[in-house]
There are 2 protein chains.
Amino acid sequence: MSWSQLHEVYWYDNPEKTIDCAVCNAPSSGRHYGVFTCEGCKCFFNRTVRYKLSYTCESSGNCRIDRQNRTQCQHCRFEKCVKVGMRRDAIRRGRPTKYSYLSRSSKSFTSQYDLITLLTQLERSARASITAAPKLPDPGVQSMP
Amino acid sequence: MSWSQLHEVYWYDNPEKTIDCAVCNAPSSGRHYGVFTCEGCKCFFNRTVRYKLSYTCESSGNCRIDRQNRTQCQHCRFEKCVKVGMRRDAIRRGRPTKYSYLSRSSKSFTSQYDLITLLTQLERSARASITAAPKLPDPGVQSMP
DNA sequence: CTTGGTCAGGGGTCAG
DNA sequence: CTGACCCCTGACCAA
Ligand SMILES: [Zn+2]
Ligand SMILES: [Zn+2]
Ligand SMILES: [Zn+2]
Ligand SMILES: [Zn+2]
């Protein structure tokens with residue numbers, strides 16, 4: 001069993017730990033450079049820092065970054081990466097215990113951001129479960145993304 | 001080396017293995033919008049959808065589309081693009097998932113999914129056993145009469 | 001339970 | 001308008 005498969009199993013067994021990307025709100029694939037982000041924002045941040053790329057905003061520098069338009073303005077995307085706390089030298093943490101991101105020190109801006117992100121997601125889930133019929137998981141396709 | 005360059009090299013070395021464009025039969029440059037097509041048909045389809053262009057056939061709507069005359073009738077060219085299955089899915093850039101080539105309507109979707117998963121694991125195991133195997137002299141040769 | 005590399009494929013460019 | 005060429009993106013993998 002590969003690491004990525006193990007990762008999938010881990011996330012499936014711990015759905016409550018799934019957090020959306022702090023930059024673009026797509027489902028995150030874990031913590032990258034200190035922040036929960038998707039694969040895209042992880043790679044984008046890595047490329048930008050590694051090759052020392054610099055971008056210019058065609059608009060007023062206030063572009064909203066979400067899953068659909070995250071590739072439209074590189075300047076504002078990278079600005080948001082930095083704003084939410086992504087750092088190349090982020091200290092690698094050990095295996096987090098359950099809910100560790102809730103009990104971590106609230107002095108950390110990053111953990112506050114994680115908390116807000118989680119609460120936002122919970123609210124969205126709650127609202128969705130009210131307006132839509134609950135969907136039972138299909139055992140046959142439970143490992144599908 | 002870019003993908004198209006690599007493909008050209010591959011095509012040069014393996015001319016009989018090239019997959020042709022499903023629309024015009026020119027050598028394809030890979031899979032585009034779900035179908036193996038050439039660069040021309042890829043760009044034509046993209047432009048048509050993006051700018052919502054519509055065309056009219058000067059003939060009876062049955063023009064044959066091949067490499068030589070593909071630019072002669074835009075209406076029939078686009079019609080063939082759609083017919084062979086080209087479509088712009090949800091806007092998603094980056095590498096497609098290995099499961100993205102499954103046909104959504106197929107009743108064997110789940111078994112196809114399992115097959116891809118199995119093949120992936122087999123490939124990984126095979127690769128691991130090759131790179132990890134110690135290079136020993138073949139003992140079978142010596143014991144043979 | 002992350003990091004860095006890989007590369008298929010989306011999409012822009014610009015002579016022709 | 002066309003399409004050869006090239007950059008950018010992000011899913012997957014090895015480690
Ligand atoms: Zn993201
Ligand atoms: Zn911007
Ligand atoms: Zn073609
Ligand atoms: Zn026609």
Side-chain angles (χ1 to χ4, degrees), chain A residues 1-14 17-19 21 23-24 26-51 53 55 67 70-72 74 77 86 88-98 100-101 145, chain B residues 1-8 21 23-24 26-51 53 55 67 70-72 74 77 86-101 116-117 120-121 123-124 127-128 131-132:
Chain A
M1 175 168 277
S2 72
W3 278 114
S4 59
Q5 287 174 306
L6 205 60
H7 190 256
E8 280 180 22
V9 171
Y10 175 82
W11 282 105
Y12 180 78
D13 288 335
N14 301 272
K17 294 182 78 173
T18 301
I19 298 182
C21 174
V23 178
C24 73
S28 82
S29 62
R31 194 186 286 272
H32 302 294
Y33 306 108
V35 181
F36 281 95
T37 69
C38 65
E39 284 290 306
C41 293
K42 161 201 153 189
C43 274
F44 172 77
F45 180 80
N46 180 44
R47 275 194 303 270
T48 302
V49 174
R50 195 154 91 110
Y51 302 115
L53 305 176
Y55 312 113
R67 183 173 196 176
R70 66 187 177 201
T71 63
Q72 298 309 308
Q74 296 172 311
R77 189 185 192 182
M86 293 181 81
R88 211 106 190 265
D89 57 0
I91 296 171
R92 186 79 161 278
R93 300 172 197 282
R95 182 196 174 95
T97 59
K98 228 177 188 181
S100 68
Y101 53 89
Chain B
M1 174 170 278
S2 72
W3 163 245
S4 56
Q5 288 175 307
L6 200 63
H7 189 267
E8 279 181 22
C21 174
V23 178
C24 72
S28 80
S29 62
R31 197 189 292 261
H32 302 293
Y33 307 107
V35 180
F36 281 93
T37 69
C38 65
E39 284 290 307
C41 293
K42 162 200 156 189
C43 278
F44 172 77
F45 179 80
N46 181 46
R47 275 195 301 270
T48 302
V49 174
R50 197 152 87 104
Y51 302 116
L53 305 176
Y55 313 113
R67 184 173 193 177
R70 67 187 177 202
T71 62
Q72 298 310 308
Q74 295 173 310
R77 188 185 193 182
M86 294 181 80
R87 57 202 156 78
R88 287 229 291 184
D89 274 326
I91 301 168
R92 198 212 66 256
R93 301 173 70 168
R95 188 181 186 143
T97 73
K98 60 190 174 189
Y99 302 110
S100 63
Y101 306 130
I116 290 178
T117 303
T120 303
Q121 289 175 356
E123 184 190 354
R124 188 154 40 221
R127 194 152 42 195
T131 57

Per atom distances to the Arg88(B) side chain, the nearest of dC8(D), dG3(D), dG11(C) is dG11(C)
Under the side chain to side chain contact (heavy atoms under 4.5 Å, CB included) test, which residues partner Thr71(B), sequence neighbours left out? Arg77(B)
Sequence-distant partners of Phe36(B), ring-ring contact (aromatic ring centres under 6.0 Å, His included), two or more places apart: none
Would you list the protein and nucleotides 12-14 of chain C atom pairs, both N or O, that sit under 3.5 Å from each other?
| from | atom 1 | to | atom 2 | distance (Å) |
| --- | --- | --- | --- | --- |
| dG12(C) | OP1 | Arg50(B) | NH1 | 3.3 |
| dG12(C) | OP2 | Arg50(B) | NH2 | 3.0 |

Within the structure, does a side-chain N or O atom of Arg31(B) lie under 4.0 Å from either OP1 or OP2 of dG9(C)? yes
Can you name the residues that form a ring-ring contact (aromatic ring centres under 6.0 Å, His included) with Phe44(A), not counting sequence neighbours? Tyr55(A)
Looking at Phe45(A) and Arg88(A), what are the two nearest heavy atoms and their distance? CE2-N, 4.0 Å
Residues at least two apart in sequence or cross-chain that pass side-chain hydrogen bond (donor to acceptor under 3.5 Å, both in side chains) with Glu39(A), listed by chain then number, are Ser29(A), Lys42(A)
Ignoring hydrogens, what is the shortest heavy-atom contact between His32(A) and Cys38(A)? Give both atom names and the distance. CD2-O, 4.3 Å
Where Ala26(A) and Arg70(A) come nearest, the two heavy atoms and their spacing: CB-NH1, 3.8 Å
Within the structure, does a side-chain N or O atom of Arg95(B) lie under 4.0 Å from either OP1 or OP2 of dG10(C)? no
In degrees rounded to 10°, what angle is found between the helical axes fit to the five outermost pairs at each end of the helix from dT2(C)-dA15(D) to dG16(C)-dC1(D)? 0°
For the side chain to side chain contact (heavy atoms under 4.5 Å, CB included) test, which of Asn46(B), Val35(B), Val23(B) pairs with Cys41(B)? Val23(B)
